[in-house]
Amino acid sequence: MNYLLQLTAVLLSLASPLSALPTDPFAGPVSIAALPTTENGLSEACKDVTVIFARGTSEAGNVGEIAGPPWFSALRSSLGTAKIGVQGVTYPATVAGYLAGGDSAGSTEMLRLINLASTQCPSTKIVLGGYSQGAQLVHNAAKKLTAAVTAKIAAVVVFGDPFRGDAVGTVASSKVDSICHDLDVVCTGFGGFITHLTYGNDAAAASAFVVARV
């Protein structure tokens, strides 16, 4: 779906009976050159750090375009490509899933991938991330983690989180970075969607947060 169609869908949704709810802006293509939208790091050799990331509604691939890829690029620059693996969460990422509080199947898949990383790569430091609806998946999955797996989570970064202010399971708050832009209606409850589409600008800061904890 191109950006104009996405924007049209947002405007139409505002006139619908669901307009009382914060509508996901269908995070779609912005100009982020040549960064991959699909990452399957758990199919490769174990790395020192494993990032498991869930994209926003209607984004491409399994990691999207807006927040994830710029962040991964910054992490690889800081830690070295050989030390970090990224695994995206494959899920429908529909508007209905967002309105339901995060796609149920996607939340289950994120939980599965976190547990897989823990068992398949027992020495890896796990980092969780999500953008928009993907942040909802982070919360939903984290609630179901065992204490042993939770202890392996080194950091959590969520961008434009609809559940901002809520704990991420039992992960210590000092390990959680919730990045929310002013006037981003998805994470503040007021404003609009323009600033919700600019989380690629936070890649360096989000990377620094993780690097300090791994």
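Keep in mind that this is a model prediction, so the values were computed, not measured.
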Exercise for review: Give a yes or no on whether Val49 and Val138 share a hydrophobic cluster (residues Ile, Leu, Val, Met, Phe, Trp, Tyr; joining criterion: side-chain heavy atoms under 4.5 Å apart).
Suggested key: no

Study note, to complete from the structure: Value for CD (Glu109) from OG1 (Thr90), rounded to nearest 0.5 Å, stands at 6.5 Å

Exercise for review: Evaluate the side-chain proximity of Met110 to Ile52: yes if any heavy-atom separation is below 4.5 Å, no if none is.
Suggested key: yes

Check your understanding: Between the main-chain N or O of Tyr91 and the side-chain N or O of Arg55, is there a donor-acceptor pair closer than 3.5 Å?
Key -> yes

Point to revise | Evaluation steps, side-chain contact (heavy atoms from CB on, under 4.5 Å), between Glu65 and Tyr131 | key: CA-CA 10 Å; Glu65 303 113 329; Tyr131 164 56; over 6 Å; no

Review point. Do Leu183 and Ile194 touch side chain to side chain, with heavy atoms closer than 4.5 Å?
Key: no

Point to revise | Within one Ile-Leu-Val-Met-Phe-Trp-Tyr cluster: Leu116 and Phe53, side-chain cutoff 4.5 Å | key: no

Exercise for review: Answer whether the closest heavy-atom distance between the side chains of Ile153 and Leu145 falls below 4.5 Å.
Suggested key: yes

Point to revise | Thr50 side, atom OG1; Ile114 side, atom CD1 - distance, nearest 0.5 Å | key: 11.5 Å

Check your understanding: Between Arg76 and Glu39, is there a salt bridge with N-O shorter than 4.0 Å?
Key -> yes

Point to revise | Minimum heavy-atom distance Ala135-Asp161, with the two atoms named | key: CB-OD1, 3.5 Å

Check your understanding: Which atom pair, heavy atoms only, marks the closest approach of Thr188 to Cys180?
Key -> CG2-SG, 3.4 Å

Revision key, fill the gap. Between Val214 and Ala154, the two heavy atoms sitting closest are CG1-CB, 3.8 Å

Exercise for review: State whether the side chain of Ser207 and the backbone N or O of Ala203 hold a donor-acceptor pair below 3.5 Å, judged by distance alone.
Suggested key: no

Study note, to complete from the structure: When rounded to the nearest 0.5 Å, the distance separating NZ of Lys144 from OG of Ser107 is 7.5 Å

Exercise for review: Indicate yes or no for a side-chain donor-acceptor contact from Asn140 to the backbone of Gly101 under 3.5 Å, with no hydrogens or angles considered.
Suggested key: yes

Exercise for review: Return yes if some donor-acceptor pair links the side-chain N/O of Asn40 with the main-chain N/O of Ser43 below 3.5 Å, else return no.
Suggested key: no

Exercise for review: Would you name the heavy atoms of Thr38 and Asn62 that are closest together and state the gap between them?
Suggested key: CA-OD1, 3.2 Å

Check your understanding: Can you check whether Lys175's main-chain N or O pairs, donor with acceptor, with Arg213's side chain at less than 3.5 Å?
Key -> no

Check your understanding: Looking only at atom types and distance, does a side-chain atom of Gln133 sit under 3.5 Å from a main-chain N or O of Thr57, one as donor and one as acceptor?
Key -> no

Check your understanding: Does Thr124 reach the main-chain N or O of Lys47 with its side chain, forming a donor-acceptor pair under 3.5 Å?
Key -> yes

Check your understanding: So Val127 and Leu75, side-chain contact (heavy atoms from CB on, under 4.5 Å) or not? Walk me through it.
Key -> CA-CA 11 Å; Val127 175; Leu75 283 169; 5.7 Å; no

Review point. Do His181 and Asn201 have side-chain atoms, one donor and one acceptor, less than 3.5 Å apart?
Key: no

**Study point:** Main-chain N/O of Gln136 paired with Tyr98 side-chain donor or acceptor, under 3.5 Å
**Key:** no

Exercise for review: Answer with yes or no whether the hydrophobic clustering places Trp71 together with Phe209; edges join I, L, V, M, F, W, Y residues whose side-chain heavy atoms lie under 4.5 Å apart.
Suggested key: yes

Practice item. Would you name the heavy atoms of Gly160 and Asp184 that are closest together and state the gap between them? Key: CA-OD2, 3.8 Å

Check your understanding: What do the steps show when you test His196 against Val185 for side-chain contact (heavy atoms from CB on, under 4.5 Å), and what is the final call?
Key -> CA-CA 8 Å; His196 191 68; Val185 68; over 6 Å; no

**Study point:** Atom of Tyr199, atom of Ile179 and distance for their closest heavy-atom approach
**Key:** CE2-O, 3.3 Å

Point to revise | Single-linkage hydrophobic cluster, 4.5 Å side-chain cutoff, Val156 and Val51 together | key: no

Check your understanding: With side chains defined as the heavy atoms from C-beta onward, is the minimum distance between Thr195 and Asp182 less than 4.5 Å?
Key -> no

Review point. Linking I/L/V/M/F/W/Y whenever their side-chain heavy atoms sit closer than 4.5 Å, directly or via other members, would Val171 and Leu128 fall into one cluster?
Key: yes

**Study point:** Test item: Phe159 and Ile66 side chains (from C-beta on) under 4.5 Å apart, heavy atoms
**Key:** no

Check your understanding: Yes or no on side-chain contact (heavy atoms from CB on, under 4.5 Å) for Val186 and Ser132, after CA distance, side-chain angles and deciding distance?
Key -> CA-CA 7 Å; Val186 174; Ser132 199; 4.1 Å; yes

Review point. Heavy atoms, side chains only, cut-off 4.5 Å: are Phe163 and His139 in contact?
Key: yes

Review point. Sub-3.5 Å donor-acceptor pair from the side chain of Ser73 to the main-chain atoms of Pro69, do we have one?
Key: no

Check your understanding: Within the side chain of Gln120, is there an N or O that forms a donor-acceptor pair under 3.5 Å with the backbone of Leu42?
Key -> yes

